[in-house]
Amino acid sequence: MKKQVVFLLLCSLSVMAQEKLHVYFDFDKYDLNDVAVKKINSWIAEGKNYEVTKLYGFCDWKGTNEYNDTLAIKRVYEVYNFLKESDIDVKKDIEIRGFGEDFEQSKIQGENRRVTIIYQEKKAISEPQNSSEKVLNEPLKDKFKSAKKGDLVNLRNLNFYNNSAKLVPKSEPILYELLCAMNDNPNLKIEIQGHICCKLPNQFEAVSTARAKAIYNYLIRNKINRDRMTFKGYGATRPIHPIPEQNALEEEENRRVEILILDN
């Protein structure tokens, strides 16, 4: 049942944007069911050069916290072993976490019993990465560990729909990274800063505050102490790209959230 995909070895690799795949489990089980196996195999059969960087395990609320924490980890390792047996490139220092039931639960219980595979597609490049590219690709948890008071960290790939505080779907992995960074750095205190696009700098929009608050609320729902966080909207006063933007990508990158380090 398990398919194998042989990848071409590339001499020089660079990392693209991270993506995610959800694999769902039966109630109180950690072995992969037929639907889960089929889903992973379909993903593998795409034949792209994937590298798995993170595996996060989750459970529904039934059972004790301790039991669910253990079950979440068992689910993660079941997926991990399946990927290794299928010759998928799993990062040597892969981040493995079990959230148990300690996350924002979906009303649909089946959606809570899952493992989230976070991966990236690699491509060949002709030249080594320069220093600025290495900084951009640095994991978020490493950025926070080395950050000092007053530093500003841009949450790359965390973006919003226009004139809205609703996150685009590709933003979920960076939310997980932010949550993990807050858990791994208990002394970290931050200001969450929201920004908008497509307006003149003197036009303040409440949506920038709503964007910052959306991230603030996400962290609170996932048990980060509110005393460690503040949030503030800056409208279009601090764009990455000059306004008016030249294309949709520049607009998307101006619709963003950044983290100011208050203490670390």
For [Y], does its backbone N or O pair with a side-chain atom of [X] as donor and acceptor, under 3.5 Å?
X: R114; Y: E111; value: yes
X: N264; Y: F144; value: yes
X: N254; Y: H241; value: yes
X: R211; Y: G233; value: no
X: N65; Y: E101; value: no

Please determine, by modelled atom types, if E258 and H195 share a side-chain donor-acceptor pair under 3.5 angstrom. yes
Hydrophobic clusters here meaning ILVMFWY residues chained together by side-chain heavy-atom distances under 4.5 Å, can you tell me if [X] and [Y] are in one?
X: V79; Y: Y24; result: no
X: L178; Y: L152; result: no
X: F58; Y: Y30; result: no
X: L71; Y: F99; result: no
X: I96; Y: F82; result: yes

Of all heavy-atom pairs between C59 and A72, which one has the smallest distance, and what is that distance? SG-N, 3.6 Å
Is it true that, when you exclude E66 itself, more than 12 heavy atoms of the residues, nucleotides or ligands shown sit nearer than 6.0 Å to its CD? no
Measure from NZ or CZ of K54 to the centre of the six-membered ring of Y176, then state whether that distance is under 6.0 Å and the direction lies within 45° of the axis. no
What distance separates K39 NZ from I44 CD1, expressed to the nearest 0.5 Å? 13.0 Å
Donor-acceptor contacts, no H, no angles, side chain residues 183-190, under 3.5 Å, sequence neighbours left out:
residue: N183; atom: ND2; partner: L179; partner atom: O; Å: 3.3
residue: D184; atom: OD1; partner: R97; partner atom: NH1; Å: 3.2
residue: N185; atom: ND2; partner: A181; partner atom: O; Å: 2.8

